[in-house]
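Right, one structure below, let's go through it.
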Amino acid sequence: MALVFYNTLGRKKEAFTPITEGKAGLYTCGPTIYNYAHIGNFRAYMFEDLLKRYLLFKGYEVRHIMNLTDVEDKLIRTCKETGKPLSEITRYYADAFFKDIKTLDILPADVYPAATEHIHEVVEMIKTLRDRGHTYEEQGSIYFRLSTFDEYGALSGINLDELQAGASGRVQADEYDAEEARDFALWKAWDEEDGDVFWETELGKGRPGWHIECSAMSMKYLGAHFDIHCGGIDNMFPHHENEIAQSRCCSGEPFVNYWLHCAHLVVEGKKMSKSLGNFYTLRDLLEKGIEPLAIRWVLLATHYRQPSNFAFDALAAASQSLRRIADFRLRMQEIRGEGSDLQKECAACEADFVRDMDDDLNISGALGTVFTFIREVNRQADQDEVGAEGAKNALALLDKLNAVTGLFAGVREEAVPEEILELVDARQKARRAKDFAASDAIRDQLAAAGWVVEDTPDGPRVKKL
RNA sequence: GGCGGCAUAGCCAAGUGGUAAGGCAGAGGCCUGCAAAGCCUUUAUUCCCCGGUUCGAAUCCGGGUGCCGCCUCCA
């Protein structure tokens, strides 16, 4: 059984073979910290989290680098608009980003290099590219000359001759100083718009272009040649294509072996946009009372190359699914005595889970195997066939697979308040006295207080609603 | 204009040539004092539409339709 990834470079599934046995170098394009990240951004980070967790599950030693873009046009605009220094804005939104990924239980990267802390590396890289004849200078800015790199377009499949400059409408082609609109900036000369955002370097007064930071920082932390590079599909062109050009021309070595891109997310079937009112940051959703784990579920549960529909119905369904898993865990914790050890069922579930995940991280299939397992074990438990050992094994399996999904931990057991326990006792007394009107009234009272009582053969079980 | 992706039940979503996973919601049943939880049954003769290839197609090919993405700094 081999782990297989769909490599954008080549557009086909390939067995994952790391450069160094047992290790995986992973670079994921991080946020531009000029605003709160939105759920579309988090879909990408969630996919990368799943990838990383699965690599760890498979026993790889993962070195994960995620950059923080902390100098860039939008940031400079924000500085101007707010009158605040760049560092104040980026520090604020970097903090918000770290808080958000913690809320979503996304494992932190090993290093979060920021562009502004790697100006030296960027400058050195540009100098190398210049020495090797890949650049030209125009009005103080330095551009990469694409015509010096034959392989350009291999990742995205784009044919440069057919590109329509400025077709996206975002930028006027004639605003570019580059000789050809397709050439991109490595170093941008300072102009008045930049205010006090600049660095005095051997290349002159200015700031780095966007693409170069990823090349410079991935090289510093992972080496010139590493295993996996991820990002959203929109980064494929031009960002990743440009990274390849810079890195290959600078080092002369291969760059990245596996390129993985995740598809976009739509909200309620529509493109997320502020004008449609369906643009959500994580905190927007939390304010609506949606639990973080349900958000994690919805962001994770669709295969990463599939467009994902972020729907409120799906969030509700995810909450129910989480509750089902939590109830199952609770039930397993209560099982005592002799019975099946569930060895066979656990082994089958894990094998199926791994089979699906090995196939380019088929998380939907993998989740399905876990539910199939839960149903089977519940069925056996209904027959009183599961022993304490089996229950323990089932919980251990969920814990093991939870390392991959982060969805199976169950709810934290909350201490039940004294007054709730007293009500439960009173209800039991009423039930024993067959005073069901009274016991049902107490049950309603408990429900109003946010607690559910379930009668089991071993007595009442109280759960937070 | 160029390039790419997607379309599977009420909703979310697997499945890429062998006869439609799973979750949520709904219906019926078992259990229960009644519930809840759980289990069982049920819910797509069919996978956007029209052709074609094949013994066999949701899967491959051709043509439509719809949605989405990229085309110089958006995950």
Side-chain angles (χ1 to χ4, degrees), chain A residues 11 28-32 37-48 69 72-74 153 156-171 173 175-176 178 181-185 188 209-211 230-239 241-242 261-266 269-271 297-298 301-303 305-321 323-324 327-328 330-331 352 356 362-372 374-376 378-383 431 434-436 439-440 443 447 452-457 460-461 463:
Chain A
R11 308 284 166 122
T28 61
C29 281
T32 299
H38 56 71
I39 50 170
N41 301 126
F42 285 118
R43 190 207 181 180
Y45 308 141
M46 197 62 80
F47 141 62
E48 289 152 1
T69 298
E72 168 273 358
D73 292 356
K74 289 192 296 285
S156 57
I158 271 172
N159 181 342
L160 281 178
D161 298 334
E162 289 168 0
L163 273 188
Q164 248 180 51
S168 71
R170 287 205 293 226
V171 172
E175 282 182 5
Y176 272 73
R182 64 187 203 180
D183 290 336
F184 60 92
K188 295 181 151 185
W210 175 44
H211 312 293
C230 303
I233 196 167
D234 53 297
N235 272 163
M236 202 164 85
F237 182 87
H239 183 54
E241 203 75 77
N242 290 169
H261 291 98
C262 80
H264 274 207
L265 168 133
V266 293
K270 295 207 173 66
K271 182 182 175 179
W297 189 297
V298 171
T302 303
H303 183 88
R305 283 190 288 113
Q306 208 63 229
S308 167
N309 185 12
F310 191 86
F312 285 88
D313 281 355
L315 285 168
S319 284
Q320 282 306 111
S321 300
R323 188 173 293 266
R324 180 167 161 81
D327 282 350
F328 176 75
L330 211 56
R331 185 177 198 186
D352 288 348
D356 286 338
N362 182 356
I363 183 66
S364 315
L367 288 174
T369 69
V370 174
F371 280 106
T372 301
I374 287 175
R375 184 174 6 94
E376 173 59 19
N378 267 325
R379 197 187 60 74
Q380 291 190 31
D382 278 358
Q383 308 296 316
R431 291 184 70 223
K434 305 244 185 255
D435 184 355
F436 296 119
S439 77
D440 289 350
R443 184 162 60 196
V452 185
V453 59
E454 298 177 353
D455 298 316
T456 75
R461 172 197 292 154
K463 293 194 311 194

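This structure is a prediction, so every number in the text was calculated from the model and none was measured. Just so it is clear: chains get the letters A, B, ... in the order the sequence lines come, proteins before strands, and each one is counted from 1.
Taking the six-membered ring for Trp and thresholds of 30 and 60 degrees, Phe184(A) and His211(A) have ring planes more than 60 degrees apart, a perpendicular arrangement.
As rounded to whole Å, 19 Å separates atom P of C67(B) from atom CD1 of Ile233(A).
Among the protein residues, Gly231(A) comes within range of the sugar-phosphate backbone only, with heavy atoms under 4.0 Å from sugar or phosphate atoms but none that close to a base. Using a 4.0 Å heavy-atom criterion, one finds that Asp327(A) contacts the sugar-phosphate atoms exclusively. Among the protein residues, Glu48(A) comes within range of no part of the nucleic acid, since none of its heavy atoms lies under 4.0 Å from any strand. Within 4.0 Å of Val453(A), counting heavy atoms only, lies at least one base atom of the nucleic acid.
A75(B) has His264(A) stacked on its base ring, the centres lying under 5.5 angstrom apart and the planes within 30 degrees of parallel.
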Next item on the list: For each nucleotide in nucleotides 28-33 of chain B, reading 5' to 3', give B when a protein heavy atom comes within less than 4.0 Å of its base, S when such contact involves only the sugar-phosphate, and - otherwise.
Entry: -----B
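In this model, the phosphate group of G38(B) is not approached by any side-chain N or O of Gln380(A) to a distance below 4.0 Å at OP1 or OP2.
Secondary-structure annotation of RNA chain B gives the stems B:1-7 with B:65-71, B:10-12 with B:22-24, B:26-30 with B:38-42, B:48-52 with B:60-64, with a stem taken as at least 3 successive Watson-Crick or G-U pairs whose two distances both fall under 3.5 Å.
Under a 3.5 Å cut-off, the side chain of Asn41(A) and the backbone N or O of His38(A) do form a donor-acceptor pair.
With contacts defined as side-chain heavy-atom distances shorter than 4.5 Å, the pair Ile39(A)/Arg43(A) does not qualify.
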